[in-house]
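First comes the structure, then the notes that go with it.
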2 protein chains.
Amino acid sequence: MNVTIYDVAREANVSMATVSRVVNGNPNVKPATRKKVLNTIERLGYRPNAVARGLASKKTTTVGVIIPDISSIFFSELARGIDDIATMYNYNIILSNSDQNKDKELRLINTMFEKQVDGLIYMGAAITEDHVNQLKTSPVPVSLAATVDASNTIPSVNIDYEIAAYEATTLLIQNGTTHPIYVTAEDEDSAVSERKYSGYVRAIKEANQSVNEEYIIQADYSYESGMEAAEEILNMNDYPKAVFVSTDEMALGVIHGFQDKGVQVPEDIEVVGFDNTRLATMVRPTLSTVVQPMYDIGAVAMRLLTKFMNNEKVDEQNVVLPHRIVERNSTKAE
Amino acid sequence: MNVTIYDVAREANVSMATVSRVVNGNPNVKPATRKKVLNTIERLGYRPNAVARGLASKKTTTVGVIIPDISSIFFSELARGIDDIATMYNYNIILSNSDQNKDKELRLINTMFEKQVDGLIYMGAAITEDHVNQLKTSPVPVSLAATVDASNTIPSVNIDYEIAAYEATTLLIQNGTTHPIYVTAEDEDSAVSERKYSGYVRAIKEANQSVNEEYIIQADYSYESGMEAAEEILNMNDYPKAVFVSTDEMALGVIHGFQDKGVQVPEDIEVVGFDNTRLATMVRPTLSTVVQPMYDIGAVAMRLLTKFMNNEKVDEQNVVLPHRIVERNSTKAE
DNA sequence: GTGAAAGCGCTAACAA
DNA sequence: TTGTTAGCGCTTTCAC
């Protein structure tokens, strides 16, 4: 049997309440008794049981994190931002991978509630009605990180994907390609993908072009699918000389796909990515890309959650962080 | 107030015990009553409270995971392996980043115990005596993943780092360089680093060379430090024409550091990495490297932990997984 | 097959 | 400043 608060109380000749007070830093304890208690805690090697504490206080100081895939270079960066802020506010994280599988997502949300998390951070491409329903009946605060809920009803932290994609596409247009190619990994129902797409389309239309479906290539987030996209592009006759890729990892694949066929980037064709993961500087040529502050999105989402958990006032529950474009060497200098 | 097992019992005209039985799939319940209970659970929207359950049963079905940095491409892959097997055995994961900071590590271990995890998976470079002491008094099973405890007293899953480094170095020697350079990120007290180093040294000695300290370069795990190492190498006069780098990410830095100065890999100088992270195929030339099965290490470590948690018999508590070397294009073909 | 009741280890009134 | 006591929501004997 482990040593409990009761053992400490008995050995220190005080009540459980007093022990509880010193453990919780309650100031209403005479310094002398505090010291006495602290000593016997030390002596017995007492370690508070967080589960019992959670049952009694209805607070677990842990938050749930549902993430598509922690091994993704994009999401793991987000997760780090979440954990750092969580640690700062004395929370721990229960982390689960969903693989963007709807059933699993719904099941995980439920598991998190069963485990009595004090809050939930959710990441995932598609926020369906079922998601919204389950999330809206949540017993605890929820915040979305890098995932947009079209109904705008759940707190979230994002960048403006539409404008970001518009700007990336426009950069390419200004550099001389009237209808850049778009390589995307469209998930069904993904509001993020939708917004990137519509930013892309808007840029094309503003350049007085009508959108050519042939120039929109479906890939699947992987590096390899980027390489395949490159091949597909080279097989077109008279293809546009610029491509906008919706994630950095695929963009690396596109670049290498070109290079492997002897096509030079950016001389023969330009490439811009999205996210600015660490990969962007780990290629040659270095990748021009849209900077999405992943760590910050995670950190801010967690901070937002703490505000809800502490009933602090929040001004704006749908935070939009700034983005920008870094021009590196995969696009032509002006 | 939430709906509890007591509410369900009352509404279904049975005892709490019976409700508990159906919730836990205990067969000793008449099908009719089971159905009745299930119906009222559904009707009331009852959701078991895992915290209360944990307090009563002394099992939380969650395991702690202490990891140096989840945003690392190496560790996030390990974490994925851990979570997948955890999910398979119905556990959740409490994940915390330690940054390999000893105080934080020790504190985190304690927090995990307070939270009453059923087991603990630990990753970290240095297993000091303090670590061993704290881990040995653990109330629950522990397993180390990709981290070696020199005292060999804690269950672990690893590859043989000494042999792996020996083989990588030997490959370079056989390709014609008698004393390859070694770029490492030596942590103090890191048994893994130590073993890699000693494999490297053994290979050099077997080639009848004495080790030249000048050819051992300290970096810090980062891509940038790899680039700096490359520069340092190019500044040596008459440097060896092969370098063994102790992680893939640094190896990419080394390759690009060379290329940025117009030095060709592998024609002018060969490079081999370590780990075989996804990065290894995302460079040009693709990286020859030591394959460390990161996902599997995580998965096996978690599986090992489940065995301990279920009191299954385990034959070997220090598992050594196979490794191999993939020769890609950063080394010369035979 | 089902129920009664005693905890699990702690917090949080409330009293003193 | 300190102690008493009633739960928190569940599991788990032990009876029946």
Side-chain angles (χ1 to χ4, degrees), chain A residues 1-38 40-41 44-62 90 110-111 113-118 139-140, chain B residues 1-38 40-41 44-62 90 110-111 113-118 139-140:
Chain A
M1 186 53 54
N2 234 309
V3 17
T4 72
I5 202 175
Y6 176 78
D7 300 322
V8 176
R10 182 170 32 74
E11 291 288 313
N13 283 312
V14 296
S15 69
M16 289 166 53
T18 298
V19 179
S20 177
R21 286 188 190 99
V22 348
V23 168
N24 292 295
N26 184 318
N28 294 334
V29 182
K30 199 162 38 169
T33 50
R34 175 187 308 282
K35 190 165 178 213
K36 183 173 61 176
V37 171
L38 251 16
T40 99
I41 283 178
L44 302 187
Y46 167 69
R47 175 187 289 148
N49 179 325
V51 171
R53 209 196 280 234
L55 183 59
S57 69
K58 299 177 170 306
K59 297 216 160 316
T60 55
T61 65
T62 104
N90 250 292
N110 195 54
T111 303
F113 293 159
E114 287 189 358
K115 297 243 166 164
Q116 311 299 120
V117 294
D118 292 339
V140 294
Chain B
M1 186 53 54
N2 235 308
V3 16
T4 74
I5 201 175
Y6 176 77
D7 300 322
V8 176
R10 183 171 30 73
E11 291 287 314
N13 283 312
V14 296
S15 68
M16 289 166 53
T18 298
V19 179
S20 177
R21 286 189 189 98
V22 348
V23 168
N24 292 295
N26 184 316
N28 294 333
V29 182
K30 197 162 40 166
T33 51
R34 175 185 307 283
K35 188 161 180 217
K36 182 171 60 173
V37 171
L38 251 16
T40 102
I41 283 179
L44 302 187
Y46 168 70
R47 175 188 290 148
N49 179 325
V51 171
R53 208 196 281 233
L55 182 59
S57 68
K58 296 175 172 309
K59 298 219 162 312
T60 55
T61 63
T62 102
N90 249 294
N110 195 54
T111 303
F113 293 160
E114 288 189 356
K115 297 243 166 163
Q116 312 298 121
V117 294
D118 292 339
V140 293

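Side chain to side chain, A:Arg47 and B:Asn110 meet the donor-acceptor criterion of an N or O pair below 3.5 Å.
The interatomic distance linking A:Asn26 (CG) with D:dT1 (C1') rounds to 10 Å, in whole Å. Summarising the geometry, the separation between CD on B:Glu114 and P on C:dC8 is reported as 20 Å, rounded to the nearest angstrom. Rounded to whole angstrom, the span from the NZ atom of A:Lys115 across to the P atom of D:dC10 amounts to 15 Å. Rounded to an integer number of Å, the gap from CZ of B:Arg10 to C1' of C:dA4 is 17 Å. As a whole-Å value, the separation of A:Asn2 CG from C:dG7 C1' is 16 Å. In this structure, A:Lys30 places its NZ atom 5 Å from P of D:dT2, rounding to the nearest Å. Rounded to whole angstrom, the span from the NZ atom of A:Lys35 across to the C1' atom of D:dT2 amounts to 20 Å. Atom pair B:Leu55:CG and D:dT11:P shows a separation of 11 Å (rounding to whole Å applied).
Looking at every heavy atom in both residues, B:Tyr46 comes nearest to B:Val23 through CE2-CG2, 4.0 Å. B:Leu55 approaches A:Val51 most closely through the heavy-atom pair N-CG1, 3.6 Å. Among all heavy-atom pairs drawn from A:Gly45 and A:Val3, the shortest one is O-CG1, 4.0 Å. Of all heavy-atom pairs between B:Leu38 and B:Val22, the closest is CD1-CG2, 3.6 Å.
Proximity of A:Thr18 to the phosphate of D:dG3: a side-chain N or O atom is located under 4.0 Å from OP1 or OP2. Put simply, B:Asn28 has a side-chain N or O that comes within less than 4.0 Å of OP1 or OP2 on C:dG1.
Here the nucleotide nearest the side chain of B:Thr4, chosen from D:dT2, C:dC10, D:dC10, is D:dC10. With distances taken from any side-chain atom of A:Lys58 to the nucleotides C:dG3, C:dT2, D:dC8, the minimum falls on D:dC8.
Evaluated for a side-chain contact (heavy atoms from CB on, under 4.5 Å) with A:Val19, the options A:Asp7, A:Thr33, A:Val8, A:Thr4 yield exactly one hit, A:Val8.
Nucleic acid contact for B:Val51: none, since no nucleic acid atom lies under 4.0 Å from a heavy atom of the residue.
Between the CG atom in B:Asn24 and the CZ atom in B:Arg53 there is a gap of 5.0 Å [rounded to 0.5 Å].
Looking at B:Lys115, its side chain does come within 3.5 Å of a backbone N or O of A:Thr60 through a donor-acceptor pair. The backbone N or O of A:Asn28 sits less than 3.5 Å from a side-chain atom of A:Asn26, completing a donor-acceptor pair.
Comparing the helix axis at one end of the helix from C:dG1-D:dC16 to C:dA16-D:dT1 with that at the other, each defined from 5 consecutive pairs, gives an inter-axis angle of 30° (nearest 10°).
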Checklist entry - What string of B, S and - do you get for nucleotides 11-16 of chain C 5' to 3' if you count protein non-hydrogen atoms under 4.0 Å? => result BB----
